[in-house]
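The next block holds one structure in the form of structure tokens; read it before the comments.
Residue indices begin at 1 and follow the sequence shown. Because only heavy atoms are used, hydrogens play no part in the values below, and waters and symmetry mates are left out as well, while side chains stay in.
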Amino acid sequence: MDSVARLSTEERDALDGLTADLRRVFGARLHSVSAYGLHEPSASPRAVHSIALVERLTFQDLSACAPLAVTWRRKSLAVPLILEREEFLRTLDVFPLEYGDIIAHHVVVAGGDPFVDARVSPADIRRACELSAKSHLIHLREGFLETGGDAPSVARLIAASAAPFRTLLANIARLAADRPQGDRVSFQQTDRNDDVAQTAERQIGIPASVVRDVIGAGSGTQSSITDPTATLSRYIAAVEK
């Protein structure tokens, strides 16, 4: 469980309301509700994500929850991820990065901690990282072709890809540092682009300048890219590495 992330009073109240709604739908079948993703840099106000683990989930349950979504969104809550508890455990190997992040960074809202005994295999994380890196590389190559070489379009491609790139770096760095599954590298919990860049260079070996340029373009805090195509060339080389 994340000891760093915190919920504001308003967020806690909204999540308590969501929990009450879910209890009316699921009754004793509701095991737990947890918030997650609070460590990720985001715009303010943020939409709070949550996961609810239940004993059994039917289409009738979904139908009962559907009309409540408007109220949840009005309270700055994303529609909760509702899963059967056993379904979550069975699919840890299918979504190791996504579920691993939830396990590592969550705040229990109701019920006991549902992830005390949940573990994601390092082999599954490595395989998912390889898939994510290859997908990112293909996206950049195809995206460049679609720009037709137009510099402003290339700049937009770089900016749009920055957030997934940051997430990819976090997952690869966790493997590179040979850390336990529940740990995360420090730059996932900071807004400082330079921290991200220095950590990536030290743990992964890709140039800090490339990371700084890409993430800076995505966050809008840096506008020093004068030649987007040259930057993209270095960016693609870093992803290939």
Side-chain angles (χ1 to χ4, degrees), residues 1-121 124-125 128 163 167 170-171 174 179-184 186 188-191:
M1 182 165 54
D2 197 330
S3 60
V4 177
R6 293 290 183 270
L7 290 166
S8 68
T9 301
E10 293 77 11
E11 290 170 338
R12 172 66 70 170
D13 289 344
L15 287 165
D16 286 344
L18 179 145
T19 300
D21 290 339
L22 294 177
R23 282 203 177 106
R24 283 192 290 271
V25 174
F26 293 97
R29 288 180 292 144
L30 179 65
H31 289 294
S32 65
V33 178
S34 302
Y36 68 91
L38 303 173
H39 64 296
E40 297 285 357
S42 63
S44 182
R46 62 185 176 187
V48 178
H49 293 266
S50 60
I51 178 171
L53 297 187
V54 302
E55 187 65 27
R56 187 178 72 260
L57 177 62
T58 68
F59 186 78
Q60 286 72 23
D61 297 325
L62 296 177
S63 297
C65 289
L68 303 172
V70 174
T71 300
W72 296 335
R73 285 193 292 265
R74 189 180 302 126
K75 295 180 179 179
S76 297
L77 299 176
V79 173
L81 175 61
I82 305 175
L83 295 171
E84 293 180 352
R85 183 170 58 178
E86 291 304 314
E87 177 186 17
F88 177 85
L89 295 175
R90 286 197 315 270
T91 54
L92 284 173
D93 61 331
V94 180
F95 305 106
L97 300 181
E98 296 84 350
Y99 288 178
D101 196 61
I102 292 174
I103 292 170
H105 298 288
H106 68 279
V107 175
V108 176
V109 177
D113 189 340
F115 310 121
V116 171
D117 298 320
R119 297 290 183 271
V120 178
S121 165
D124 292 333
I125 295 176
T167 299
N171 290 317
R174 185 172 68 190
R179 293 172 179 260
Q181 178 273 324
D183 201 3
R184 298 289 283 186
S186 61
Q188 273 297 86
Q189 300 175 21
T190 179
D191 291 331

Residue pair A128 / L97: nearest heavy atoms and the distance that separates them
CB-CG, 3.6 Å
Side-chain touch C65/L22, heavy atoms, less than 4.5 angstrom
yes
Nearest-0.5 Å distance, CG of residue L18 to CZ of residue R23:
11.0 Å
Not counting sequence neighbours, list each pair that qualifies as a side chain to side chain donor-acceptor pair (under 3.5 Å) and has a residue in residues 83-95.
none
Straight-line distance of S32 OG to I51 CD1, nearest 0.5 Å:
7.5 Å
Among all residues two or more places apart in sequence or in another chain, which pass the ring-ring contact (aromatic ring centres under 6.0 Å, His included) test with Y36?
H49
Can you name the side chain to side chain donor-acceptor pair (under 3.5 Å) partners of D124, sequence neighbours left out?
R127
Between A64 and P67 the two heavy atoms that sit nearest each other are O-CD, 3.4 Å
How many angstroms lie between atom CG of L62 and atom CG of L57, to the nearest 0.5 angstrom?
4.5 Å
Any chance you could measure F95, atom CZ, to D101, atom CG, to the nearest 0.5 Å?
14.5 Å
Indicate yes or no: at least one non-hydrogen side-chain atom of V107 is less than 4.5 angstrom from one of L15.
no
In short, ring-ring contact (aromatic ring centres under 6.0 Å, His included) pairs touching residues 53-79 with sequence neighbours left out are none
Quick one: CG on L89 to CG on D117, what's the gap to the nearest 0.5 Å?
9.0 Å
How far apart are the closest heavy atoms of T19 and L30, and which atoms are they?
O-CD2, 4.2 Å
Residues in side chain to side chain donor-acceptor pair (under 3.5 Å) contact with E55, at least two apart in sequence or another chain:
H31
Could you pull out all residues at least two apart from R24 that satisfy salt bridge (Lys or Arg N to Asp or Glu O under 4.0 Å)?
D21
By ring-ring contact (aromatic ring centres under 6.0 Å, His included) - contacts of F88 (at least two apart)
Y99, F115
Can you confirm whether V109 sits close enough to R12 that some side-chain heavy atom of one is under 4.5 Å from a side-chain heavy atom of the other?
yes
Do S34 and V108 have side chains that approach each other closer than 4.5 Å (heavy atoms only, starting at C-beta)?
yes
By side chain to side chain contact (heavy atoms under 4.5 Å, CB included) - contacts of V70 (at least two apart):
R73, R74
Mind checking side chain to side chain donor-acceptor pair (under 3.5 Å) for D61 and listing every partner two or more places apart, or none if nothing turns up?
R29, T58
